[in-house]
Amino acid sequence: MRKPLVVANWKMNPSTLAKAKKLFNSIKEGIRKVRNVEIVICPPFLYLPQLVEFLYRCRKSQLNLGAQDCFWKEKGAFTGEISPLMLKNIGCQYVIIGHSERRRHFNETDEMINKKIKAALKAKLKPIFCVGETGEEREREETSKILKSQIENGLNKISKKEIKNIVIAYEPVWAIGTGKPCDPDEAMRMSLLIRKIIAQIYSRSISEALPTLYGGSVDSKNAAKYIKEARMNGLLVGGASLSSKEFIKILKAIS
Ligand code: PGA
């Protein structure tokens, strides 16, 4: 069985560098007893160079850093943006792309997400590509249609070779930050649906090898169900990753 991948999305937290270092260090300490889980911490951009320093001082570790977003150009006149090349250069291995908060608050479209995924791959970063329906779309029974179009458009012109470096995170928008996680049965159906869509675009073997994550109100009580029952290959954790104690509990629950 593939090693589960657990991604911590700190979003715009914590509020100071000192707190970020403290949180990172206590996670680093706590994972000494955790086996067979790959962990990726995605802090705000500003903290990345500092936290990379801590990573260098780790023994051969299961811990990596990722960013929460990137732009699609390598460099140039794009005020306020960060390029995948810069992220790779500073020591990131992963980048979250297409998170629903970016789709909603920053009007990110599938086309923009597609350009970001291509740019990240070019810079040798692994994209964690987020997809998921809103509560209204789910009520209108449009989930399959939404996932299909997000995946087809997001992966437009991405080759069979490139797709092997992508992780897909199923994050139902209605479950994010609400304390109402998706039922593991439903998460399993969505994971199968995602694999079916990938098999149609690429091939069955590619879809079977594709790592899928679940995200949305994950905590230490429900974490194991998504791996064992829903057969997801990992988790994308928001709120619960801001407490080292709770985050370590999640890791132990699935390791
Ligand atoms: P949550 O966030 O765990 O706080 O629901 C998940 C996410 O947005 O990735």
Side-chain angles (χ1 to χ4, degrees), residues 4-15 19-20 23-24 27 37-45 47-48 64-70 92-108 113 116-117 120 125-135 137-138 143 146-147 150-151 154 166-184 186-187 190-191 194 211-227 230 232-254:
L5 171 68
V6 180
V7 182
N9 178 9
W10 286 2
K11 309 192 181 183
M12 202 168 70
N13 299 293
S15 53
K19 285 182 189 164
L23 177 58
F24 189 84
I27 292 173
V37 184
E38 185 184 353
I39 302 146
V40 180
I41 309 279
C42 301
F45 288 130
Y47 303 150
L48 282 166
N64 280 306
L65 278 170
Q68 298 171 15
D69 181 36
C70 65
C92 284
Q93 304 293 332
Y94 288 85
V95 56
I96 297 172
I97 296 179
H99 191 280
S100 61
E101 284 153 17
R102 297 219 51 94
R103 292 180 192 257
R104 187 170 65 218
H105 301 301
F106 305 97
N107 300 323
E108 280 196 12
I113 290 163
K116 290 184 177 194
I117 294 177
L125 286 172
K126 288 189 182 166
I128 300 161
F129 171 34
C130 301
V131 296
E133 79 288 2
T134 64
E137 288 160 347
R138 181 171 174 250
T143 303
I146 296 293
L147 291 188
Q150 287 178 344
I151 295 171
I166 296 180
V167 176
I168 296 195
Y170 171 61
E171 292 216 306
V173 183
W174 49 269
I176 297 178
T178 57
K180 292 189 190 118
C182 181
D183 195 75
E186 190 173 339
M190 295 309 129
S191 159
I194 290 170
T212 56
L213 311 183
Y214 168 75
S217 297
V218 171
D219 61 24
S220 57
K221 291 189 193 77
N222 61 32
K225 292 185 190 159
Y226 296 107
I227 311 294
M232 290 279 179
N233 306 109
L235 303 164
L236 180 45
V237 189
S241 70
L242 295 172
S243 150
S244 57
K245 230 172 124 188
E246 178 65 3
F247 189 60
I248 300 296
K249 270 198 200 168
I250 292 176
L251 299 173
K252 285 186 178 160
I254 65 161

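These numbers were taken from a predicted model, which means no experiment stands behind them. Ligands are counted one by one from 1 in listed order, and the atoms in each one are counted from 1 as well.
Heavy atoms from both the backbone and the side chain of Ile176 come within less than 4.0 Å of ligand 1.
Polar contact check, His99 against ligand 1: a nitrogen or oxygen pair lies under 3.5 Å apart.
One distance of note links CD1 of Ile117 with CD1 of Ile128; it measures 11.5 Å at 0.5 Å rounding.
Of the N and O atoms on the side chains of His99 and Glu171, at least one donor lies less than 3.5 Å from an acceptor on the other residue.
The Leu236 neighbourhood of ligand 1 comprises atoms 9 (O), with distances under 4.0 Å to a heavy atom of that residue. Interface atoms of ligand 1 facing Asn9, defined by a heavy-atom separation under 4.0 Å, are 9 (O). Of all atoms in ligand 1, numbered sequentially from 1 with element shown, those under 4.0 Å from a heavy atom of Gly238 are 1 (P), 2 (O), 3 (O), 4 (O), 6 (C). Which parts of ligand 1 touch Gly239 is read off a 4.0 Å heavy-atom cut-off, strictly below it: atoms 1 (P), 3 (O), 4 (O). Distances below 4.0 Å separate heavy atoms of Gly216 from the following atoms of ligand 1: 5 (O).
Looking at heavy atoms from C-beta onward, Glu186 lies in side-chain contact with Arg138 at the 4.5 angstrom threshold. Trp174 has its side chain out of reach of Glu137: every pair of non-hydrogen atoms, C-beta onward, lies at least 4.5 Å apart. Using a 4.5 Å heavy-atom cutoff, the side chains of Leu236 and Cys130 are in contact.
Using cut-offs of 30° and 60° on the angle between ring planes, the pair Tyr170 and Tyr214 is tilted.
Shown here is Lys249, whose NZ atom has no more than 12 heavy atoms of other residues, nucleotides or ligands within 6.0 Å.
Contact annotation: Gly215 has no heavy atom less than 4.0 Å from any atom of ligand 1. Distances from ligand 1 to the non-hydrogen atoms of Ala240 include no value under 4.0 Å.
Counting protein heavy atoms only, atom 2 (O) of ligand 1 is closest to Lys11 NZ, 3.3 Å. The nearest heavy-atom contact from the protein to atom 9 (O) of ligand 1 is Glu171 OE2, 2.7 Å.
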